[in-house]
Amino acid sequence: MHLPYLCVCMCFHLSIFLIYSGSEEEFDVERKARALDIEKAQQEEEAEAELQMNIQERHDDFMLPTPEELEESSQKPPNLPAIFQRIKDIVRVLSDFKALRQEGVPRKDYVTQLAQDLSTYFGYNDFFVEMILQMFPAAEALEFFEANETPRPVVLRTNTLKARRRDLAGVLINRGVNLDPLGKWSKVCSSVQTACSSTICSSNTRTFVKVGLVVYESQVPVGATPEYMAGHYMLQSASSFLPVMALAPQEKETVVDIAAAPGGKTTYLAALMKNTGIIFANEFKEKRMKSLSANLHRMGVTNTIVCNYDGRELPKVLGTNRVDRVLLDAPCSGTGVVSKDQSVKVSKSDVDIQNCATLQKELILAAIDMVDAFSKTGGYIVYSTCSITVAENEAVIDYALRKRNVKVVPCGLEFGRPGFIRFREKRFHTSLAETRRFYPHAHNLDGFFVAKLKKLNNDKALASDKGNSEDVDSVITIEPSLPELNTASNSPTDEKSVQELEDMIKSPSENVSTKKKKFFRKDLKNLPSKEEISKLREDKREALRKESKRKLSSDFTSSHVEAINAGEAKKKKHKKE
């Protein structure tokens, strides 16, 4: 009956005997493995105990600090762990505000305290924090700030003019570089028979080229290897691939890169075009021309002309309606690359954003003017920035749609978030959903914006008039913050505003911009609604109709009376005779 039990015991003791009677090397291995298992189990127990303690200490009824507590804490060095815990508590409350809110405390107080704590903990100025909280929910805003504290991965782009990615990866691995291929999104269509209008080609003979490599660690500096010096690859952020992929240049085309330095995008364009056609690489800052020229020579680019002009003056230099495609990676505030430049946290303000937006609007109009709308393979403009502000991205594209004959087309990128078509009180064209936004916390890329435009017509004057009329309409129909007036009101101010609108619409040949500027300076409270304008116009037309009928009837009556009197006079004269 006890035979199985005895067998198990004998087997157990035999195994113990074999372990201890084995070689000394095997014993050391077993002992080290056992020690590691014990240490791992102990760490897991400690982590579980700490988690349970935190759960017990956490109160669901989070209370905002009183002004006295804030005043007292301001006199001491900041307690960063306590501030970060308060940030997480406020985010938790805001995620379920109705259930977790403090009685009698409005949401505004929570958001104000969250903004102060984020500014203190992460080191941003008030403008930057407020902008991010307006753009994202509280939980996602925290993820954005945390992602900016971590640098983005180092990425290499294989120069297909000189090397293949597989061969380059093998050489770098032998040099002690730990790397992996970049995501599938980095593949581009390389078709020599079909001219693609996007990165997604309809040709049956298409081939895809993958050029990206992600570097995790390296025993040698990746910017000083023999392969780098020979131009086999380019150190380039992954987000810089995106505008070139969206532009999708074809062989033998004429392409303009308005802001080309240091040359990462220009050399990528040349590789996709296989050194055919012509690339005009323009750079406004003369100091950056050296790095641009050096990279072009190192990468073996032979189809590029380097020039030094203000991008706004390029249509005068290269001519209008002359090129097939234009890449505008516009100068911007850099709010998407905080991980590279920590000074952006405190150096940017609303004035800087508006100044950048003004320059970007001028540049995009110049880019559109250079493109030939009737190009057989092109007619495209790609606009990109390393900024996440709406004023520098969607607002600029919406401005271009109103000023030129262009439309937004799909970028051909497989991922990314759609652009805003509404942001706070602003409303943009619905086609801006085809633009793409990229964020460090969502895509592990630098903050980036990409938009692709197709030019429809080379007639700039017609589009300008159309844009001005749309500006007037947008004031009436799109702006949601304008109060609606009482339709029964016929005040002189309303009639005067309507008359001014009618004059602006009926006389496009006059200086519309001057009248529009004068119109916007008025008190917006007295601005009539669209229905009110239509009603007043109809009333005015009805009054004109009645007046014309009255005049017509009066003229007819007077002429009829005169004819009767003349007839009677003739009869009397005839009788006398």
Side-chain angles (χ1 to χ4, degrees), residues 131 134-137 140 197-200 242-243 245-248 325-326 328 330 332 336 353 357 360-361 363-365 367-368 371 373 379-385 387-439 442-443 447-457 459-460 462-482 484 505 516 520 524 527 529-531 533-534:
M131 178 187 66
Q134 291 175 357
M135 191 174 298
F136 300 113
E140 191 173 1
S197 62
S198 66
T199 55
I200 301 176
L242 302 172
M245 293 170 59
L247 187 64
R325 301 175 193 246
V326 172
L328 173 57
C332 63
I353 303 299
Q360 290 157 357
K361 290 175 181 178
L363 286 173
I364 196 171
L365 294 185
I368 295 171
V371 172
Y380 294 96
I381 306 97
V382 167
Y383 173 85
S384 64
T385 67
S387 172
I388 61 172
T389 63
V390 175
E392 296 179 83
N393 296 322
E394 285 86 355
V396 175
I397 300 299
D398 190 69
Y399 175 83
L401 293 177
R402 291 185 281 110
K403 293 297 182 181
R404 294 292 187 270
N405 282 312
V406 294
K407 68 175 182 178
V408 180
V409 296
C411 297
L413 302 175
E414 298 178 357
F415 70 116
R417 295 187 182 179
F420 291 107
I421 60 174
R422 59 175 60 87
F423 180 75
R424 297 177 65 80
E425 74 278 2
K426 298 179 181 178
R427 298 296 181 269
F428 304 116
H429 197 276
T430 54
S431 63
L432 264 73
E434 299 290 350
T435 63
R436 286 294 175 263
R437 281 178 160 266
F438 303 90
Y439 300 112
H443 308 102
F448 221 77
F449 176 83
V450 180
K452 188 172 184 178
L453 303 175
K454 171 71 170 124
K455 190 172 181 180
L456 302 176
N457 198 316
D459 190 357
K460 180 172 63 174
L462 178 62
S464 179
D465 294 340
K466 178 183 175 182
N468 289 331
S469 65
E470 288 181 355
D471 285 343
V472 177
D473 293 339
S474 65
V475 178
I476 302 170
T477 61
I478 297 178
E479 184 65 37
S481 62
L482 298 178
E484 295 186 359
I505 295 172
K516 184 177 67 174
F520 277 114
L524 295 179
L527 188 66
S529 64
K530 187 175 182 180
E531 293 78 8
I533 292 175
S534 301

Review point. Say you draw a straight line from OG1 of T435 to CG of N393; how long is it, rounded to the nearest 0.5 Å?
Key: 8.0 Å

Review point. Can you check side-chain contact (heavy atoms from CB on, under 4.5 Å) on E414 and M245, steps first, answer last?
Key: CA-CA 11 Å; E414 298 178 357; M245 293 170 59; over 6 Å; no

Review point. Distance from K403 atom NZ to I364 atom CD1, nearest 0.5 Å?
Key: 13.5 Å

Check your understanding: Would you call K407 and E434 a salt bridge, taking side-chain N to carboxylate O under 4.0 Å as the test?
Key -> no

Revision key, fill the gap. Here the pair of heavy atoms bringing R424 nearest to R427 is O-NH1, 2.7 Å

Revision key, fill the gap. Looking only at heavy atoms, the pair that brings A433 and I421 closest together is N-CG2, 3.8 Å

Check your understanding: What's the shortest heavy-atom distance between A367 and V371, and which atoms?
Key -> O-CG2, 3.4 Å

Check your understanding: Knowing that exactly one of P418, P410, S384 qualifies, which makes a side chain to side chain contact (heavy atoms under 4.5 Å, CB included) with R436?
Key -> P418

Practice item. Return the minimal non-hydrogen interatomic distance between A391 and I353, and the atom names on each side. Key: CB-CG2, 3.9 Å

Exercise for review: Ignoring hydrogens and angles, tell me if any N or O in the side chain of D398 forms a donor-acceptor pair with the backbone of H429 under 3.5 Å.
Suggested key: yes

Point to revise | Ring geometry between F420 and F423 (parallel below 30°, tilted from 30 to 60°, perpendicular above 60°) | key: tilted

Exercise for review: Evaluate the criterion side-chain contact (heavy atoms from CB on, under 4.5 Å) for residue pair L365 and Y399; output intermediate values, then yes/no.
Suggested key: CA-CA 9 Å; L365 294 185; Y399 175 83; 3.7 Å; yes

Check your understanding: Between atom CZ of R422 and atom OG1 of T430, what is the distance when rounded to the nearest 0.5 Å?
Key -> 9.5 Å

Point to revise | Sidechain-backbone polar pair: K454 side chain, V409 backbone, donor-acceptor under 3.5 Å | key: no

Exercise for review: Begin from the C-alpha positions of V406 and L401 and carry the test side-chain contact (heavy atoms from CB on, under 4.5 Å) through to its verdict.
Suggested key: CA-CA 6 Å; V406 294; L401 293 177; 3.9 Å; yes

Exercise for review: Please check if the side chain of R404 supplies one atom and the backbone of I368 the other of a donor-acceptor pair under 3.5 Å.
Suggested key: no

**Study point:** Results of ring pair (Phe, Tyr, Trp, His ring centres under 6.0 Å) for F448 - residues two or more places apart only
**Key:** none

Point to revise | K455 NZ to R325 CZ distance, which is reported to the nearest 0.5 Å | key: 14.5 Å

Review point. So, for R437 and H443, which heavy atoms are closest and what is the spacing to 0.1 Å?
Key: O-CE1, 3.8 Å

Review point. Going by atom types alone, do E392 and T385 pair a side-chain donor with an acceptor below 3.5 Å?
Key: no

Review point. How long is the gap from CZ on F449 to OH on Y383, to the nearest 0.5 Å?
Key: 7.5 Å

Point to revise | Distance-minimising heavy-atom pair for V382 and P243 | key: CG1-O, 3.7 Å

Practice item. Working to the nearest 0.5 Å, report the span between CG of L363 and CD of Q360. Key: 7.5 Å

